[in-house]
Amino acid sequence: MRIVFIGPPGAGKGTQAAQLTGRLKIPHLSTGEMLRQAVADGAPAGKLAAKYVDTGRLVPDDVVVNVIGERLKHPDCKNGCLFDGFPRNEAQAAALDAYLGKYDKQVDLVLVLQVPENVLLERLLDRGRGDDNLQTIQERFQQYESGTKPLLGYYTRRGILHSIDGTGTPGEVFQRILAVVDK
Ligand code: AP5
Ligand code: MG
C-alpha cells in the first residue's frame, strides 16, 4: 500500500505517520526529514536545499524528486511506503505517478489532515524546530495554500482522497485515520 499524507505545517503528518507506519510495517518517507538530514550531513542535496528549508520555501522539484527517487530504490519500499510531505505540488505528484507507473504501482490512498491555523501556529511555536519562527511559519502556510492545496483536487478526481479532522489528541486523530485505512 502506498499512502500519502498531506497537511499544512504542524498538522501532525510526522506524528501520525510514525504511528501508522509502525502498525502497517512500511517505511516512513518524510522529505522534510531527508532534507534536514542532507543539510546536517553537508550532502550535495543539503547544500541546494538549506536556504529554502531555512526560509520555508519549497525546495526545487528536481532536488526533492531526486532525493525521494533514490530512497524508493531501497528494497524496503517494495511492498509499500508512506509519503509524509511529498508530493507538495502537482509537478511532484506527476513525477511520483510516473515513477510508480514504471513498476505498475500507484498511490492508493491520500489522507489530508485538517487543522485550523491558530492551532497549527500554537503547535509549531511550542515545538521550536529550526524553521518554527513566525516569519518562516507564515511562508510555509503560504506555500501550502498556493502550491499544495491544488493537489487536493488532483487526488479527489482520482477518488482516493480522504479528509481527516486533525484536531484533538494524537490518539484521537490516529483512530480517525485507522477508521479510513482499515476500510
Ligand atoms: P516538513 O518537514 O515537511 O515540514 P512541514 O510541512 O512544515 O510540517 P511539519 O513537519 O512542521 O509538521 P507536521 O505536519 O509533520 O506535524 P508534526 O507531527 O511534526 O518540511 C520542511 C521544509 O522542507 C519545507 O518548508 C520545505 O522547505 C522542505 N520540503 C519538505 N518536503 C518538500 C517537498 N516535497 N518539496 C519541496 N520542499 C520540501 O507536529 C507538529 C507539532 O505538533 C509537534 O510538536 C507535535 O508533537 C505536535 N502535535 C502533533 N499532533 C498533535 C495533536 N494532535 N495535538 C497536539 N499537538 C500535536
Ligand atoms: Mg513533519
Side-chain angles (χ1 to χ4, degrees), residues 3-22 28-40 43 45-72 81-97 99 107 110-151 154 163-178:
I3 303 175
V4 168
F5 266 24
I6 296 179
K13 301 181 295 293
T15 303
Q16 297 299 328
Q19 291 289 314
L20 190 57
T21 53
H28 174 186
L29 273 47
S30 159
T31 42
E33 292 300 332
M34 289 176 202
L35 292 167
R36 280 186 289 279
Q37 190 61 51
V39 172
K47 293 203 170 100
L48 291 166
K51 65 173 189 264
Y52 296 93
V53 175
D54 286 347
T55 54
R57 288 173 299 149
L58 290 191
V59 174
D61 293 336
D62 57 333
V63 177
V64 178
V65 167
N66 195 44
V67 164
I68 201 98
E70 286 302 313
R71 180 65 185 83
L72 282 169
C81 59
L82 191 158
F83 298 95
D84 159 3
F86 177 88
R88 248 176 161 94
N89 58 31
E90 293 202 29
Q92 293 182 14
L96 179 61
D97 286 343
Y99 184 95
V107 173
V110 177
L111 298 173
V112 185
L113 292 172
Q114 309 275 9
V115 178
E117 201 163 293
N118 61 318
V119 178
L120 297 172
L121 191 60
E122 203 175 308
R123 287 184 187 176
L124 293 171
L125 290 175
D126 256 8
R127 180 180 59 186
R129 200 170 70 195
D131 55 347
D132 289 340
N133 59 77
L134 200 51
Q135 193 181 355
T136 304
I137 291 168
Q138 295 296 1
E139 178 64 29
R140 285 154 64 200
F141 284 164
Q142 184 52 43
Q143 295 282 342
Y144 181 76
E145 288 297 319
S146 60
T148 308
K149 263 200 177 164
L151 259 187
Y154 179 86
S163 273
I164 306 282
D165 173 4
T167 63
T169 67
E172 287 165 347
V173 178
F174 189 55
Q175 289 308 316
R176 295 180 198 126
I177 289 173
L178 283 185

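Both backbone and side-chain heavy atoms feed into the values below; hydrogens, waters and symmetry mates do not. All ligand and atom numbering here is 1-based and tracks the order in the structure.
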Taking a cutoff of less than 4.0 Å between a non-hydrogen atom of the residue and any ligand atom, is [X] in contact with ligand 1?
X: L124; answer: yes
X: G10; answer: yes
X: P8; answer: yes

Can you list the atoms of ligand 1 that are under 4.0 Å from a heavy atom of [X]?
X: G32; result: 1 (P), 2 (O), 20 (O), 30 (C), 31 (N)
X: L58; result: 36 (C), 37 (N)
X: Y52; result: 27 (O)

Exercise for the section: Report yes if some heavy atom in the side chain of F5 is under 4.5 Å from a heavy atom in the side chain of S30; otherwise report no. Expected result: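 In short, these two side chains do not touch, never coming nearer than 4.5 Å.
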Practice task
Would you mind reporting whether R140 and L124 have side-chain heavy atoms less than 4.5 Å apart?
Solution key: yes
Practice task
List for me each residue that meets ring-ring contact (aromatic ring centres under 6.0 Å, His included) alongside Y99, sequence neighbours excluded, and say none if there are none.
Solution key: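 For Y99 the ring-ring contact (aromatic ring centres under 6.0 Å, His included) partners, ignoring immediate neighbours, are Y103.
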Handout entry: Lys/Arg-Asp/Glu bridge criterion (N-O < 4.0 Å) met for D132, R123
Key = no
How far is [atom] from the closest protein heavy atom, and which atom is that?
atom: atom 49 (C) of ligand 1; answer: T15 OG1, 3.4 Å
atom: atom 26 (C) of ligand 1; answer: R57 O, 3.5 Å
atom: atom 56 (N) of ligand 1; answer: R123 NE, 3.6 Å
atom: atom 29 (N) of ligand 1; answer: L35 CD1, 3.5 Å
atom: atom 7 (O) of ligand 1; answer: R140 NH2, 2.8 Å
atom: atom 15 (O) of ligand 1; answer: G14 N, 2.9 Å
atom: atom 20 (O) of ligand 1; answer: R88 NH2, 3.4 Å
atom: atom 37 (N) of ligand 1; answer: V59 N, 3.0 Å

Nearest heavy atom to [atom]: which of [options] does it belong to?
atom: atom 8 (O) of ligand 1; options: R129, K13, Q92; value: K13
atom: atom 2 (O) of ligand 1; options: E33, R36, R127; value: R36
atom: atom 23 (O) of ligand 1; options: D84, V53, T31; value: V53

Check: [X] N/O within less than 3.5 Å of ligand 1 N/O:
X: G12; value: yes
X: A11; value: yes
X: G85; value: yes
X: G168; value: yes
X: D132; value: no
X: P9; value: no

How many angstroms lie between atom [atom1] of [X] and atom [atom2] of [Y], to the nearest 0.5 angstrom?
X: Q92; Y: L151; atom1: CD; atom2: CG; result: 8.0 Å
X: F86; Y: L35; atom1: CZ; atom2: CG; result: 10.5 Å
X: D84; Y: L111; atom1: CG; atom2: CG; result: 11.5 Å
X: L120; Y: I137; atom1: CG; atom2: CD1; result: 9.5 Å
X: T148; Y: I6; atom1: OG1; atom2: CD1; result: 7.5 Å

Practice task
Determine whether the side chains of E139 and Q143 contain a donor N or O and an acceptor N or O closer than 3.5 Å.
Solution key: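 Per modelled atom types, E139 and Q143 side chains form a pair under 3.5 Å.
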Practice task
Determine yes or no for a side-chain-to-main-chain donor-acceptor pair under 3.5 angstrom, with R176 supplying the side chain and D165 the backbone.
Solution key: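 Flag set: sc R176 to bb D165 pair under 3.5 Å.
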Practice task
Could you tell me whether a side-chain N or O of K13 sits under 3.5 Å from a main-chain N or O of P8, the two making a donor and an acceptor?
Solution key: yes
Practice task
Take Q142 and Q138 through the test side-chain hydrogen bond (donor to acceptor under 3.5 Å, both in side chains) and record every step on the way to the result.
Solution key: CA-CA 6 Å; Q142 184 52 43; Q138 295 296 1; over 6 Å; no
Exercise for the section: With sequence neighbours excluded, give me every salt bridge (Lys or Arg N to Asp or Glu O under 4.0 Å) pair touching residues 53-62. Expected result: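 Applying salt bridge (Lys or Arg N to Asp or Glu O under 4.0 Å) to every pair that reaches into residues 53-62, excluding sequence neighbours, yields nothing.
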